[in-house]
Amino acid sequence: MTAILEVDNLVKKYGDFEAVGGVSFSVEQGEVFGLLGPNGAGKTQTISMLTGVIQPTAGTARIGGHDIRAQMDQVKKINGLVPQDLALYPTLSARANLNFFGRIYGLRGKELKERVEDVLRIVALTDRADQAVDKYSGGMKRRVNIAAGLIHHPKLFFLDEPTVGVDPQSRNHIFESVLRLNQERGMSIVYTSHYMEEVELLCNRVAIIDQGKIIAMDTVKNLVAMLGGGVIYVGLPRVDDEILAGLANLPAVAEALLVPQPANPPAGEQQEPETAERPLVSTEKLVKVVAKQNQQAIVNVINYLNERSLNLTSLEILEPNLETVFLHLTGKKLRE
Amino acid sequence: MTALSIAYKDLQILFKNRGLILQLFLMPIIFTAIMSGALGSLGSDEEKDTRIPLAVVNLDGSEASQQFLSGLDAAGGVRVKIYDQAEAQALLDESEIMRIVTIPANFSANLGSNQPTTVQILNHKDAPIQETEAVRLVVEGVAQAMTLESQILFSLQQMGEMNANAPPEYQQAFSTESLQAQARAQFEAARSQELVTIAQRIPAQKTEEERQAEGNPRLEDVTVPGFAVLFVFMTAQTTALSIYNEKKVGSFRRLLAAPISKATLLVGKMLPNMITGILQIVVIFAFGVWGMQALGLKPDSLGNDFLAFTLTLLLLVLCSTALGILIAAIARTEGQIGGLSTLFLWGLGFLGGCFMPLFLLERFLKQLPMIVPHYWAKRALESLLIRGVSLTDIALELAMLSGFTALFFAIGLWKFDFD
């Protein structure tokens, strides 16, 4: 397989603030690639640079063999973009919106008409195509938003958080559309989201992005495998090196780590502790146990603590998934 | 073609917004009709006394001259006001009065001795011909009456003296028949030999067009040009809001991601403003010409130079478009667009004379209105439509309007944030 997108150390700065801090990745032809990260992680900024909406501060990328800095005109013909916002004209009908975006891409006459009908079929809105968009439900608007990005049959399709504010039924419809475009039409897709379920369902490979940097990138399976059988957070009244070593050496346990606790802020400068973003919030000591096999590890950990008369102050078991991977890597949750 | 597609889409959106359509097309008509009617009635109130003002310099001051003045007043048609000679001349020079009637110092003495005397009428170069002729007829009528009266009285006085001194054998010469014959002869003499003659001086008159070119327009004549300028500049707000909304809903990002240049995108956003502005002009001036007539108001003229008229309007539309880009570039929120639009469009519209004749505005604000484009646009239109001038006569106005357009574009494009 050849790469349709190769991103090389892409940077976007606004003054001293670095929104994207040198990301590099590639997307193969026919691949669905996920950019997973919380809001403000730099996903949209990355996509904006790749689609020509904003200029990179440094670095570059090649799309379909064209450099985005030197040949953006060619790149734009290959790209399709579904922005996070509902980038539609609400008083116009879906058909009028699609006609307009088609004309922007140089489509005219019969070809334009056929393309409009085609994308309306893809998003299953043919019956209501002549209704003004502002009369649609949120999910239907999202579907028109996707159709507008497809009108010129792009080879590389960027979907930026396409399911924000969408009801479950429309969300499923969007998933089906994305999968069909990829499987039936061979379209390469870059899909950003902060919903790990979507990325797990749709993407072949995932880059986890936080604070403008890619902190992990692999297939979903391999990323989840980093955690083995899952993660167990154990709250204890006291912890020492002996206890940590004992936990780490238990069968079905990969490792045991003391989660760093924030220092008490000075009076008058009370801040929300970092642990407030963690599953456990009020414990004296927090131990993260990475399991090879979750159920067996839980039994072993509890038995070990009971034998030493160590009372649990809290216990949280996290299944092995991308959410847990993100938490494992950043210490933060993927928040909505 | 892409720019046209953007423009077509924006026009589709615009024409679905009924409130905006009313604001852009109906409001100018309502404003024009109301203001034309109101200002027209204001003008007619001022002219209720339809008599022609007549400045008189009485160098004689005798009973006879007073009688002459009473005759002028009694004749009707003129409103006599007495001035001294220097004051009257100054007012004539300043075009405050249109004519001076001067009663000479020897008026009474000459009449008393049955010698001719001449009343001078000095007219301003811009005095309306009809008024000049009417005044001449009135003054001549009074003069003829005084001539007749004076000659009859003089004749009777002579006959009385002759009768008193004549011997008895000649007394029959003053019989009733003889007196009647003498009176008839004096009537004839009064007709053929005027004692009070009228000397009228009329400077070379300007043509009606030239007179209009320098005169102040009637109040109601300036409403159509004024509101055309005001409401065409209002489309600037539509442009700014259209760009803001594109950015707000995210479609601007989608357009930036499409294979079109930023220049094409901007031209596409400007074209609807220009088309709307041109449509507004057509509607406003069509109302000015035909609608006003239908409402019983004085219809407007489109001037004598249609090319200059068209060029002025195109520049006006372009300037409004540039102002729209400027507002879109410097405003960050819908509230800021509203605030800036109110300032730029209504505030500067007031300052630029959209609501009143420029000659009234200039009396009050002197040169201050010249700092806004509205002033130059309206001045060009007033000159073209009301005074009937041609393209070369409004070169300054068009140059200033072009300058404002270039300035707005330059700042707007410099500050425009495509990101």
Side-chain angles (χ1 to χ4, degrees), chain A residues 12 14 19 44-45 47-55 66 68 71-93 95-108 112 132-134 141 145 148-149 151-152 154 156-158 160-161 164, chain B residues 1-24 238-273 275-276 332-334 413 416-419:
Chain A
K12 183 65 185 178
Y14 295 96
T44 299
Q45 291 286 314
I47 281 187
S48 295
M49 285 187 279
L50 296 175
T51 52
V53 175
I54 57 174
Q55 290 290 312
H66 303 289
I68 62 165
Q71 298 164 294
M72 186 45 93
D73 285 348
Q74 296 301 315
V75 168
K76 285 180 172 180
K77 291 175 186 168
I78 296 170
N79 286 346
L81 171 65
V82 178
Q84 187 173 344
D85 301 313
L86 285 167
L88 301 167
Y89 304 102
T91 55
L92 301 184
S93 68
R95 195 186 301 280
N97 269 280
L98 296 173
N99 273 324
F100 167 67
F101 288 114
R103 281 195 294 268
I104 290 298
Y105 280 89
L107 301 172
R108 298 284 185 277
L112 173 61
V133 167
D134 57 6
K141 286 176 186 170
N145 205 28
I151 192 76
H152 59 292
L156 179 59
F157 195 33
F158 292 91
D160 190 7
E161 307 250 13
V164 171
Chain B
M1 280 300 283
T2 309
L4 286 178
S5 295
I6 296 171
Y8 175 68
K9 176 267 300 174
D10 276 357
L11 287 172
Q12 276 184 301
I13 293 171
L14 190 147
F15 283 99
K16 282 180 182 290
N17 188 340
R18 288 178 191 164
L20 190 58
I21 294 297
L22 289 178
Q23 182 186 323
L24 292 178
T238 314
T239 302
L241 275 175
S242 168
I243 291 172
Y244 171 79
N245 284 331
E246 291 262 18
K247 288 183 172 180
K248 186 181 166 191
V249 302
S251 50
F252 206 72
R253 288 169 57 81
R254 181 166 254 156
L255 292 175
L256 286 173
I260 57 171
S261 67
K262 289 177 178 174
T264 303
L265 177 52
L266 268 188
V267 170
K269 295 304 294 179
M270 290 190 302
L271 273 176
N273 184 87
I275 294 168
T276 309
R332 290 283 175 267
T333 65
E334 199 165 354
L413 295 177
F416 199 90
D417 182 12
F418 282 95
D419 289 352

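Below, chains carry the letters A, B, ... as their sequence lines are ordered, and counting in each starts from 1. Because only heavy atoms are used, hydrogens play no part in the values below, and waters and symmetry mates are left out as well, while side chains stay in.
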If I measure from the heavy atoms of chain B, does [X] come under 4.5 Å with its side chain, its backbone, both, or neither?
X: A/Asn97; value: neither
X: A/Phe101; value: side chain
X: A/Ala132; value: neither
X: A/Asn79; value: neither

Walk me through whether B/Leu255 and A/Phe100 qualify under side chain to side chain contact (heavy atoms under 4.5 Å, CB included).
CA-CA 11 Å; B/Leu255 292 175; A/Phe100 167 67; 3.8 Å; yes
Least distance between heavy atoms, [X] atom then [Y] atom:
X: B/Leu256; Y: A/Lys76; answer: O-NZ, 2.7 Å
X: B/Arg253; Y: A/Val53; answer: O-CG2, 3.4 Å
X: B/Pro259; Y: A/Tyr105; answer: CD-CE2, 3.2 Å
X: A/Val82; Y: B/Arg254; answer: CA-NH2, 3.8 Å

A/Leu92 side chain reached by B/Lys16 side chain, heavy atoms, under 4.5 Å
yes
Return the OH to CG distance between A/Tyr89 and B/Asn245, rounded to the nearest 0.5 Å.
10.5 Å
Hey, which of B/Thr2, B/Ile260, B/Ile13, B/Thr264 has the most heavy atom pairs under 4.5 Å with chain A?
B/Ile13
Under a 4.5 Å cutoff for heavy-atom pairs, which residue among A/Asp73, A/Thr51, A/Asn99 has the most contacts with chain B?
A/Thr51
Using heavy-atom distances under 4.5 Å, tell me whether B/Ile6 contacts chain A through its side chain, its backbone, both, or neither.
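For B/Ile6, heavy atoms of backbone and side chain both lie under 4.5 Å from chain A.
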Side chain to side chain contact (heavy atoms under 4.5 Å, CB included) evaluation trace for A/Ser93 with B/Gln12:
CA-CA 11 Å; A/Ser93 68; B/Gln12 276 184 301; over 6 Å; no
May I ask you to check whether over 12 heavy atoms, not counting those of B/Tyr8, lie within 6.0 Å of atom OH?
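No, OH of B/Tyr8 has 12 or fewer neighbouring heavy atoms, counting only those of other groups under 6.0 Å.
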